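What follows is a set of notes on a single structure, which appears directly below.
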Amino acid sequence: MEGRWQFWIDRGGTFTDVVGRRPDGTLAVHKLLSENPGRYRDPAVAGIRRLLSVPDGQAIPAGRIGVVRLGTTVATNALLERKGEPTVLVITAGFADALRIGYQDRPAIFARQIIRPEMIYARVIEAAERIGADGEVIVPLDEGAVTRELRAARCRSRTPPAR
């Protein structure tokens with residue numbers, strides 16, 4: 001990787017931070033808006049382009065780049081903020097309530113009224129399948145049934161609610 005740039009990118013909901021290590025080992029940093037359709041389609045590529053001084057429309061010379069690592073909080077934030085499309089949890093049959101039950105850790109263990117957090121998924125699909133502790137397939141996944149249920153869930157999410 002000697003003689004090549006290394007890039008580490010954090011794409012957030014508002015800003016994208018690009019850190020580049022030049023071939024000489026010095027660091028360069030660039031911050032840009034994560035969404036700026038009038039200037040660029042992809043903020044990570046735009047940041048790399050800027051640090052490499054490559055003009056728009058010109059190909060980025062891949063040979064100058066050794067590593068690109070990208071992390072993002074966009075999907076995590078969308079789930080936590082309950083924004084975006086409804087989510088479906090697909091889980092082994094019999095475990096539909098596993099995330100709701102959790103670890104049974106409660107800050108006020110003797111509280112009479114337990115206030116549970118809202119689940120981040122809108123619906124649960126239980127998949128008929130089972131894998132043993134050693135990885136052996138005990139009951140093979142019924143892919144057809146899961147596919148049908150996922151298609152049905154997608155159709156329901158596209159149907160506007162009745163008034």
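Quick caveat: nothing in here was measured; it's all calculated off a predicted structure.
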Single-linkage hydrophobic cluster [X]~[Y], side-chain heavy atoms < 4.5 angstrom:
X: I131; Y: F95; answer: no
X: V45; Y: V74; answer: no
X: I65; Y: W8; answer: no

Are the side chains of L33 and P43 in touch, meaning some heavy atoms are under 4.5 Å apart?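 Of all side-chain heavy-atom pairs linking P43 with L33, none is under 4.5 Å.
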Let me see the working for F7 and V67 under side-chain contact (heavy atoms from CB on, under 4.5 Å), right down to the final yes or no. CA-CA 6 Å; F7 292 99; V67 172; over 6 Å; no
Salt bridge (Lys or Arg N to Asp or Glu O under 4.0 Å) contacts touching residues 129-148 (sequence neighbours left out):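 Every candidate salt bridge (Lys or Arg N to Asp or Glu O under 4.0 Å) pair involving residues 129-148 fails, so no pair, neighbours aside, qualifies.
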What pairs meet the salt bridge (Lys or Arg N to Asp or Glu O under 4.0 Å) rule with one or both residues in residues 30-46, with sequence neighbours excluded?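 Qualifying pairs: R11-E35, D17-K31.
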Apply side-chain hydrogen bond (donor to acceptor under 3.5 Å, both in side chains) to Q113 and list each qualifying residue two or more places apart in sequence or on a separate chain.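 So Q113 forms no side-chain hydrogen bond (donor to acceptor under 3.5 Å, both in side chains) with any residue.
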Check the pair W5 / I48 against side-chain contact (heavy atoms from CB on, under 4.5 Å), numbers first and verdict last. CA-CA 10 Å; W5 280 75; I48 290 172; over 6 Å; no
Could you tell me which non-hydrogen atom of [X] sits nearest to which non-hydrogen atom of [Y], and how far apart they are?
X: E149; Y: R123; value: O-NH1, 3.7 Å
X: L32; Y: A46; value: CD1-CB, 3.8 Å
X: V124; Y: A96; value: CG1-CB, 3.7 Å

Under 4.5 Å side-chain linkage, directly or through intermediates, the cluster mates of I125: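 Members besides I125, by chain and number: V88, V90, L141, V146, L150.
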Cluster companions of V137 among Ile, Leu, Val, Met, Phe, Trp, Tyr (side-chain spacing under 4.5 Å):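 Cluster partners of V137: none, it stands alone.
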Which distance, rounded to the nearest 0.5 Å, do you find between the [atom1] of [X] and the [atom2] of [Y]?
X: E126; Y: L89; atom1: CD; atom2: CG; answer: 9.5 Å
X: L70; Y: D10; atom1: CG; atom2: CG; answer: 8.0 Å
X: T72; Y: I9; atom1: OG1; atom2: CD1; answer: 11.0 Å
X: R151; Y: R156; atom1: CZ; atom2: CZ; answer: 14.0 Å

Is it the case that more than 12 heavy atoms not belonging to R49 sit under 6.0 Å from its CZ atom?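 Above 12, so yes.
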Is there a side-chain contact (heavy atoms from CB on, under 4.5 Å) between I60 and L52? Walk through the geometry before answering. CA-CA 8 Å; I60 294 174; L52 290 176; 3.9 Å; yes
Check against side-chain contact (heavy atoms from CB on, under 4.5 Å), H30 and R50: CA-CA 8 Å; H30 187 59; R50 174 72 182 258; 3.6 Å; yes
Name each donor-acceptor pair under 3.5 Å that joins a side chain in residues 19-29 to protein atoms two or more places apart or in another chain, with its distance.
{"from": "R22", "atom 1": "NH1", "to": "T26", "atom 2": "OG1", "distance (Å)": "3.1"}
{"from": "R22", "atom 1": "NH1", "to": "L27", "atom 2": "O", "distance (Å)": "3.2"}
{"from": "D24", "atom 1": "OD1", "to": "T26", "atom 2": "N", "distance (Å)": "2.9"}
{"from": "D24", "atom 1": "OD1", "to": "T26", "atom 2": "OG1", "distance (Å)": "2.7"}

Quick one: does any side-chain atom of T87 pair with a main-chain N or O of Y121 as donor and acceptor, under 3.5 Å?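 No, because the side chain of T87 does not come within donor-acceptor range (under 3.5 Å) of the backbone of Y121.
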Using a distance-only test with no angle check, is there a side-chain donor-acceptor pair under 3.5 angstrom linking S34 and T14?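 There is no such pair (donor and acceptor under 3.5 Å, judged by atom type) between the side chains of S34 and T14.
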